[in-house]
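As structure tokens, the structure follows; a few thoughts come after it.
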Amino acid sequence: MGVTQQQVLDALARVASPSGVALTSAGVLSPITVNDGKVFFSINVDAAEARVWESVRASAETAVRAVAGVSVAMVALTAERKPGAATAPPQRPAQGVPKVSAHRPPQGGQSPMSRQAEIPGVSAVIAVASGKGGVGKSTTALNLALGLRDLGLRVGLLDADIYGPSVPRLTGIHEKPQLDDNRKMIPILRFGLSIMSIGFLVEEDTAMIWRGPMVMSAITQMLRDVAWGTLDVLVVDMPPGTGDAQLTLAQNVPLKGAIIISTPQDLSLIDARRGLAMFKKVNVPVLGIVENMSYFQCPHCGTKSDIFGHGGARHEAERLGVPFLGEIPLHISIRTTSDAGTPVVESEPNGPHAAIYRAIGAKVRDQLKGAIEAA
Ligand code: ADP
């Protein structure tokens with residue numbers, strides 16, 4: 001029989017909160033998701049008390065993992081501001097690197113820099129980001145990861161697009177990650193990539209209702225509680241947008257660089273500009289802009305049509321002084337291969353699209369050379 005919510009609650013009733021009352025009576029638990037032996041919930045506390053709650057979070061996770069039948073337990077600590085402060089607008093610090101917001105999951109006693117500690121065995125973590133959803137960020141992240149693989153690099157992909165994790169669909173992965181002896185999740189190996197997605201653990205509609213702080217906490221754990229092994233590059237498919245959650249994420253993940261995906265339309269370029277500004281704010285170098293759905297390529301005759309006014313991202317990149325990494329056409333086979341779980345670089349390795357992704361990969365690799373070779 002599968003694990004029940006009651007079993008999880010029974011285990012949590014034996015964990016004490018800082019005031020001594022049972023965790024289940026402290027009024028801090030989010031709804032508990034139990035899905036095929038995977039348990040996920042958050043402990044929501046006042047930011048001022050976050051530090052003392054971190055050990056409770058760890059104890060809760062240990063207690064739940066000890067329940068028979070539980071294969072994965074992820075407990076997020078979400079530190080909310082006090083009512084009143086909660087409605088404050090996203091921080092716009094006057095200068096320098098912004099203060100880390102109260103959204104950040106506390107990790108007891110560490111300095112701000114150590115939150116950015118490198119991930120052991122991983123030479124370079126890079127973010128693939130977009131100012132808004134639907135521009136092809138996830139498709140590009142996966143195909144870029146495959147392009148980097150084709151260049152002989154050891155590559156991982158973390159789907160941190162927690163609001164709509166699409167990597168399970170794009171890769172056709174339906175199995176759940178197992179735990180190793182250190183109780184770290186083992187990423188799923190597919191197409192020669194080490195892949196992890198929150199979508200392996202929870203249903204897509206569960207993820208949709210997550211709030212910012214919970215997102216951050218979950219992603220931090222996915223970075224650190226996964227046995228990534230030795231990787232040259234870990235590609236992080238970021239949640240779309242440039243809000244507070246994304247900013248906090250960019251701040252907390254030890255990024256060597258970021259890639260912005262944009263379509264040629266003006267609106268999307270404005271969003272891309274916001275993305276650039278966001279990474280600048282947190283001192284993450286922007287490795288470049290990719291123009292996706294750049295031009296329409298007829299699947300029958302191969303004719304190119306610039307239906308969106310192609311070239312906008314290239315000009316924008318020039319204007320802003322960041323590298324332009326390449327143009328990916330709007331092509332039916334990029335979509336159909338994605339939908340089939342067999343990305344185009346994998347299924348049509350000798351085709352023109354794979355060559356484009358590999359060329360973008362080569363530009364990215366060249367910029368990361370120092371980090372990769374140093375490892
Ligand atoms: P995002 O991650 O930005 O929300 P997705 O990668 O999920 O976007 O892509 C959105 C949709 O667009 C998907 O159906 C995907 O297959 C399709 N798509 C992405 N890039 C291309 C492209 N270059 N040509 C054709 N379809 C694409």
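- Between the side chain of D180 and the backbone N or O of I186 there is no donor-acceptor pair closer than 3.5 Å.
- Every residue two or more places apart in sequence or in another chain that forms a salt bridge (charged side-chain N to carboxylate O under 4.0 Å, His left out) with E346 is listed here: R149.
- Panel note: side chain N292, backbone I261; no donor-acceptor pair is recorded below 3.5 Å.
- Remark: the S42 side chain and the N44 side chain contain an N/O donor-acceptor pair separated by less than 3.5 Å.
- Remark: side-chain polar atoms of W228 are not paired, donor with acceptor, to backbone N or O of P187 under 3.5 angstrom.
- Applying the side-chain hydrogen bond (donor to acceptor under 3.5 Å, both in side chains) rule to S17 yields the partners S19; only residues at least two apart in sequence or on another chain are considered.
- When atom types are taken as modelled, the side chain of S71 and the backbone of G37 share a donor-acceptor pair closer than 3.5 angstrom.
- Of the charged side-chain nitrogens involved, none lies within less than 4.0 Å of a carboxylate oxygen, so that R314 and E291 do not count as a salt-bridged pair.
- Pairs engaging residues 314-345 under the ring-ring contact (aromatic ring centres under 6.0 Å, His included) rule: H331-H353 [sequence neighbours left out].
- Remark: the backbone N or O of Q7 is paired with a side-chain donor or acceptor of T4 at under 3.5 angstrom.
- Inter-residue side-chain proximity for M185 and L179 is flagged as met; some heavy-atom pair is nearer than 4.5 Å.
- D339 pairs by the salt bridge (charged side-chain N to carboxylate O under 4.0 Å, His left out) definition with R169, R335, not counting sequence neighbours.
- Applying the side-chain contact (heavy atoms from CB on, under 4.5 Å) rule to T342 yields the partners T337, A340, S347; only residues at least two apart in sequence or on another chain are considered.
- Hydrophobic clustering (side-chain heavy atoms under 4.5 Å, transitive across Ile, Leu, Val, Met, Phe, Trp, Tyr) groups V52 together with V75.
- Under a cut-off of 6.0 angstrom, the local environment of CD in Q178 is sparse, with at most 12 non-hydrogen atoms contributed by other residues, nucleotides or ligands.
- Between A11 and V67 the shortest heavy-atom distance is CB-CG2, 3.7 Å.
- Residues that satisfy the side-chain hydrogen bond (donor to acceptor under 3.5 Å, both in side chains) test with D161, not counting sequence neighbours, are K137.
- The closest donor-acceptor contact from the side chain of K132 to the backbone of S262 lies at 3.5 Å or more, if one exists at all.
- Counting only residues at least two apart or in different chains, side chain to side chain donor-acceptor pair (under 3.5 Å) contacts with residues 355-365 comprise D150-R358.
- Not counting sequence neighbours, the partners of S197 by the side-chain contact (heavy atoms from CB on, under 4.5 Å) test are D159, P165, V167, P168, F200.
- Sorted by first then second residue, the salt bridge (charged side-chain N to carboxylate O under 4.0 Å, His left out) pairs that include residues 2-26, not counting sequence neighbours, number zero.
- Evaluation of the salt bridge (charged side-chain N to carboxylate O under 4.0 Å, His left out) rule for K256 yields E118 as partners, not counting sequence neighbours.
- Of the possible donor and acceptor atoms, none in the side chain of E316 sits under 3.5 Å from a partner among the backbone N and O of R273.
- With sequence neighbours excluded, no residue forms a side-chain contact (heavy atoms from CB on, under 4.5 Å) with S55.
- Among all heavy-atom pairs drawn from V45 and V28, the shortest one is CG1-CG1, 4.2 Å.
- Here the shortest heavy-atom pairing between A250 and V284 reads O-CG2, 4.0 Å.
- In this structure E61 satisfies the salt bridge (charged side-chain N to carboxylate O under 4.0 Å, His left out) test together with R57, R65, sequence neighbours excluded.
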